[in-house]
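Below you'll find the structure, written out as structure tokens, and then a few comments.
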Amino acid sequence: MESAPSTTQQSGGAGGAGWGAFLKSIASFNGDLSTLTAPPFILSSTSLTEFSSYWCEHPSIFAAPAQEPDAAKRALLVLKWFLTTLKQQYASRSEQYGNEKKPLNPFLGELFLGRWEDDAGTTELISEQVSHHPPATAYNITNLPSGVRLEGYNAQKASFSKTINIKQIGHAVLTVSAPSAAEPDTYLITLPSLHIEGLIFGSPFIELEGSSYITSSTGFTAKIDYSGKGWLSGKKNSFTAVLYPTGKEKDILFNVSGQWTKSFEIHSGPAKHNSKDNLVESWNPLPLSELIVAPLEKQHPLESRRAWAKVAAAIAKGDLDTVSTEKGKIENAQREMRAKEKAEGRTWSRRYFTAQHDGADWVLTKLGAAVGLPENGDADKTGGLWRFDLAKADAARRETPPSEEEARKLASELLGQ
Ligand code: HC3
């Protein structure tokens with residue numbers, strides 16, 4: 001459970017006593033990000049369950065592969081969509097250079113639901129905190145007209161060496177039904193590692209590092225290599241990517257390079273031939289599609305913004321005593337609920353997702369080895385191998401929303417409110 005911010009820490013900007021104490025504390029922390037006691041001015045009122053929406057802030061790019069008859073070009077469109085999500089995922093909270101904050105640590109069963117309505121039609125988002133120890137968030141995003149669907153789950157493993165380094169655990173699976181294809185394509189997507197830069201100056205921001213992959217049931221793999229600004233050369237948020245037939249890394253069909261926060265270029269063939277003659281596309285960020293979220297009073301009591309409303313209001317006012325009290329209420333109620341479940345020999349029933357048994361997931365069994373993912377989906381580090389459960393989602397859709405009285409009862413029992 002997240003520790004409440006210490007009210008003895010002084011707030012202030014970079015270099016303030018609060019920041020110094022924070023730097024000292026992270027040098028010895030145990031790798032569990034939720035136990036980091038961040039200074040008040042670096043607390044965000046957004047919960048990690050909301051971050052799942054970053055996967056689809058351009059629904060038309062998300063849905064585009066479904067229109068492409070050629071399998072290699074479809075794989076390229078999937079790579080392009082993935083690259084366009086990076087800016088939102090890793091830099092949108094830090095648009096003004098260096099103010100990445102510490103998100104709220106979701107409670108078990110926390111939900112974040114929303115939808116986009118735009119040229120691509122309706123696209124639905126379901127995000128649920130499926131595990132608390134270890135913390136893991138699962139999500140499902142479906143573009144209704146095209147049927148393009150993304151599901152996945154993630155957790156983070158942090159370590160400290162010069163700065164905070166984060167390895168993402170989990171993966172995403174994209175399903176695309178193209179008109180020409182006999183069966184839907186499946187794309188298995190791994191998640192990049194990251195580290196925090198600017199910590200020492202009190203202006204934290206994310207840099208991606210290492211490599212991540214997308215491999216498809218149609219026989220193509222994309223490898224994305226991330227790099228940042230070095231001492232002598234390089235630009236921040238840089239990457240190069242190649243798309244090749246799986247197992248034939250040297251037979252490059254397309255290469256992509258640029259900055260994931262700014263622009264990038266797609267060329268056919270290997271990078272050594274890049275010129276305007278083999279330029280396929282120059283990408284520049286597009287305006288985002290707005291995510292529609294129900295007003296607080298219409299939300300389920302476990303929906304993130306409703307559940308954390310009092311904490312968020314207190315963070316906005318800088319009222320740390322209230323932040324601490326309100327967080328404490330949720331944490332205590334959750335602890336009591338877990339104790340009650342244990343005593344009654346039951347576990348919390350996830351509303352939209354179900355954990356799969358080891359070896360039972362055909363996507364990981366078939367495609368995992370190509371991108372270094374184990375068949376069990378790292379279930380031991382994410383509380384399970386989580387898959388979207390259509391039957392549960394249908395049941396949730398059919399359920400009558402709780403009356404005001406029922407909602408109050410749920411909020412009291414589960415959130416101490
Ligand atoms: C590391 C992180 C929490 C995890 C965030 C993740 C990996 C969550 C899944 C999303 O799809 C992508 C994503 C983006 C940002 C990641 C966050 C950045 C900072 C936060 C730490 C817990 C906070 C560290 C404290 C401080 C002061 C350096 O910001």
Side-chain angles (χ1 to χ4, degrees), residues 2-3 5 9 11-14 16 18-27 29-57 82 84-95 97-106 110 112 125 127-131 134-141 150-160 162-172 189-210 212 226 237 260-261 304 315 381-382:
E2 186 170 16
S3 29
Q9 283 174 329
S11 60
W19 193 252
F22 176 59
L23 289 184
K24 267 196 202 145
S25 78
I26 55 176
F29 95 116
N30 61 7
D32 179 355
L33 284 167
S34 61
T35 64
L36 261 190
T37 305
F41 57 88
I42 207 143
L43 293 180
S44 156
S45 54
T46 306
S47 155
L48 271 179
T49 53
E50 291 208 23
F51 284 37
S52 306
S53 68
Y54 295 138
W55 283 105
C56 184
E57 304 220 26
F82 173 82
T84 63
T85 68
L86 297 177
K87 179 175 180 199
Q88 286 312 111
Q89 296 262 22
Y90 303 107
S92 58
R93 299 158 306 279
S94 204
E95 213 77 75
Y97 186 86
N99 53 3
E100 183 73 47
K101 293 188 175 165
K102 182 174 187 274
L104 291 168
N105 182 35
E110 183 176 323
F112 183 67
L125 163 73
S127 176
E128 177 172 6
Q129 191 69 9
V130 285
S131 173
T137 312
Y139 48 86
N140 185 78
I141 299 176
L150 178 79
E151 66 172 309
Y153 58 92
N154 56 43
Q156 296 85 38
K157 175 90 194 117
S159 60
F160 186 85
K162 296 198 186 112
T163 185
I164 301 178
N165 302 289
I166 290 133
K167 185 174 170 339
Q168 295 202 71
I169 303 159
H171 60 270
I189 302 167
T190 69
L191 310 168
S193 291
L194 52 116
H195 64 265
I196 308 286
E197 295 214 348
L199 254 192
I200 198 92
F201 305 110
S203 54
F205 69 96
I206 290 177
E207 187 58 274
L208 299 179
E209 62 182 49
S212 74
Y226 305 91
N237 314 143
W260 49 266
T261 34
S304 188
I315 290 178
K381 300 184 189 101
T382 53

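Atoms within each ligand, like the ligands themselves, are counted from 1 in listed order. Scope of the values below: all heavy atoms of this structure, side chains included, with no hydrogens, waters or symmetry mates.
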Open item on the list: Can you list everything that forms a ring pair (Phe, Tyr, Trp, His ring centres under 6.0 Å) with Tyr54? Sequence neighbours excluded, please.
Closed with: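 Per chain and number, Tyr54 pairs via ring pair (Phe, Tyr, Trp, His ring centres under 6.0 Å) with Phe51.
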One pair per line, please: each N/O atom of ligand 1 matched with every protein N/O atom under 3.5 Å away, atom names first, then the distance to 0.1 Å.
| from | atom 1 | to | atom 2 | distance (Å) |
| --- | --- | --- | --- | --- |
| ligand 1 | 11 (O) | Gln89 | OE1 | 2.6 |
| ligand 1 | 29 (O) | Glu100 | O | 3.1 |

Task: Ring geometry between Tyr153 and His171 (parallel below 30°, tilted from 30 to 60°, perpendicular above 60°) - done: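 The arrangement is perpendicular - the two ring planes meet at more than 60°.
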Open item on the list: Could you go through Glu50 and Ser304, starting from their C-alpha distance and side-chain angles, then the distance that decides it, and tell me whether this counts as side chain to side chain donor-acceptor pair (under 3.5 Å)?
Closed with: CA-CA 8 Å; Glu50 291 208 23; Ser304 188; 4.6 Å; no
TODO: Taking all non-hydrogen atoms of both residues into account, name the closest pair between Pro135 and Asn105 and its distance.
DONE: CB-OD1, 4.1 Å
- [ ] State, with a plain yes or no, whether a side-chain heavy atom of Leu199 is found less than 4.5 Å away from one of Trp19.
- [x]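 Leu199 reaches Trp19 side chain to side chain.
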Open item on the list: Please tell me whether Trp55 and Tyr139 have a donor and an acceptor in their side chains that are separated by less than 3.5 angstrom.
Closed with: yes
